[in-house]
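Scroll down for the structure; my scribbles are underneath it.
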2 protein chains.
Amino acid sequence: MSDGALWSALADPHRRAIVALLLERPRPVGEIVEACGLSQPSTSKHLKVLREAGLVRVRQDAQRRVYALDPAPIAELDAWLAPYRKLWNRSLDALGRRLDETAPDDPEED
Amino acid sequence: MSDGALWSALADPHRRAIVALLLERPRPVGEIVEACGLSQPSTSKHLKVLREAGLVRVRQDAQRRVYALDPAPIAELDAWLAPYRKLWNRSLDALGRRLDETAPDDPEED
DNA sequence: GTCATTTATTCCTTGACGGGAATATAACTG
DNA sequence: CAGTTATATTCCCGTCAAGGAATAAATGAC
């Protein structure tokens, strides 16, 4: 049960957006600034939080700093989730899926 | 309802502790208070946050209110996690190949 | 009805977090 | 060296969340 830093890092929607961006490919800060519509300092601060949570790594390329996802903490999340996944598998089973309360699946994030 | 409420609810360690308690079994507020070492009002407020995030349900039993986990939001988390899980599976795979360095070619691809 | 029990809510204070502007640092260019 | 680009850091401020104390509300017992 190491870090609450992981959870609090992902609690912010902007940071989740950054993480989603980095899922596609590694990006320099400038790209992230542009994509998120945040100011550069704000973006740098969010990146610092993500860095300290271990969620991203930085590679230096001349003046640019290219950020990339580090998969390990996500695995930690997955491990945390495991017991609960059992639970909802069980209850889905119990429901017998006769109740379709939310059929449409929307992957929209924030 | 891709709500940030889910994330911010789970960002708090006390609330994660409550969720973990409810994973074992449904419990009335008093038990949660005792187990978490929080004050009763504070506990009630955390429960309210969890309720509004959809993470718990309440059943009334005389004066007691028995809280239980609702598995659905956890499934939402799991869905969010899915693309990242692919990523770390891939990198574990890449690591495995690196350790198993028998191939003469460079197998690195996308 | 009054009283006890259990839980929720309100008020208040404090501390942490996010955003913007300005500034600092680092790396490349000429 | 000075100048430019790219990123990080600092300072200040507004907002929001968390905790404690006191109180309210709901339920049950008498």
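Per chain, numbering begins at 1; letters A, B, ... match sequence-line order.
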*Out of curiosity, does B:L38 fall in the hydrophobic cluster containing B:V56 (side-chain heavy atoms, cut-off under 4.5 Å, transitive links)?*
no

Students often get this wrong, so: under 4.0 angstrom with heavy atoms, is [X] touching a base, only sugar-phosphate, or nothing?
X: B:S44; value: base
X: B:S42; value: sugar-phosphate
X: A:P28; value: sugar-phosphate

*Want to settle it: does A:S8 or A:D61 sit nearer the 5' end of DNA chain C, counting the closest nucleotide to each?*
A:S8

*asked:* Looking at B:R16, I want to see if its CZ is surrounded by more than 12 non-hydrogen atoms of other residues, nucleotides or ligands under 6.0 Å.
replied: yes

*For the atom pair CG (B:L21) and CD (B:E34), what is the distance rounded to the nearest 0.5 Å?*
11.0 Å

_If you only use heavy atoms from C-beta on, which nucleotide in D:dA18, D:dT9, D:dG28 is closest to the side chain of A:K45?_
D:dT9

_Nearest to the side chain of B:D12, heavy atoms from C-beta on, is which of D:dT7, D:dA8, D:dA18?_
D:dA18

Mind calculating the distance between [atom1] ([X]) and [atom2] ([N]) to the nearest angstrom?
X: A:R51; N: D:dT7; atom1: CZ; atom2: P; answer: 12 Å
X: A:Q60; N: D:dT7; atom1: CD; atom2: C1'; answer: 9 Å
X: B:L38; N: D:dA17; atom1: CG; atom2: P; answer: 18 Å
X: A:H46; N: D:dT9; atom1: NE2; atom2: P; answer: 15 Å
X: A:I32; N: D:dT7; atom1: CD1; atom2: P; answer: 9 Å
X: B:L47; N: D:dA17; atom1: CG; atom2: P; answer: 17 Å

*Any side-chain donor paired with an acceptor under 3.5 Å for B:Y67 and B:R59?*
no

*State, yes or no, whether a side-chain contact exists between A:R64 and A:D61 at a heavy-atom distance under 4.5 Å.*
yes

*Would you mind reporting whether B:L77 and B:W7 have side-chain heavy atoms less than 4.5 Å apart?*
yes

_Going 5' to 3' along DNA chain C, between which two nucleotides do contacts with chain B fall, using a heavy-atom cut-off of 4.0 Å?_
C:dT5 to C:dT10

*Decide side chain to side chain contact (heavy atoms under 4.5 Å, CB included) for B:L10 and B:R15; before the verdict, give the C-alpha distance in whole Å, the side-chain angles of both, and the deciding distance to 0.1 Å.*
CA-CA 6 Å; B:L10 289 173; B:R15 286 194 289 263; 5.8 Å; no

*Are A:Y67 and D:dA6 close enough that a side-chain N or O sits under 4.0 Å from OP1 or OP2?*
no

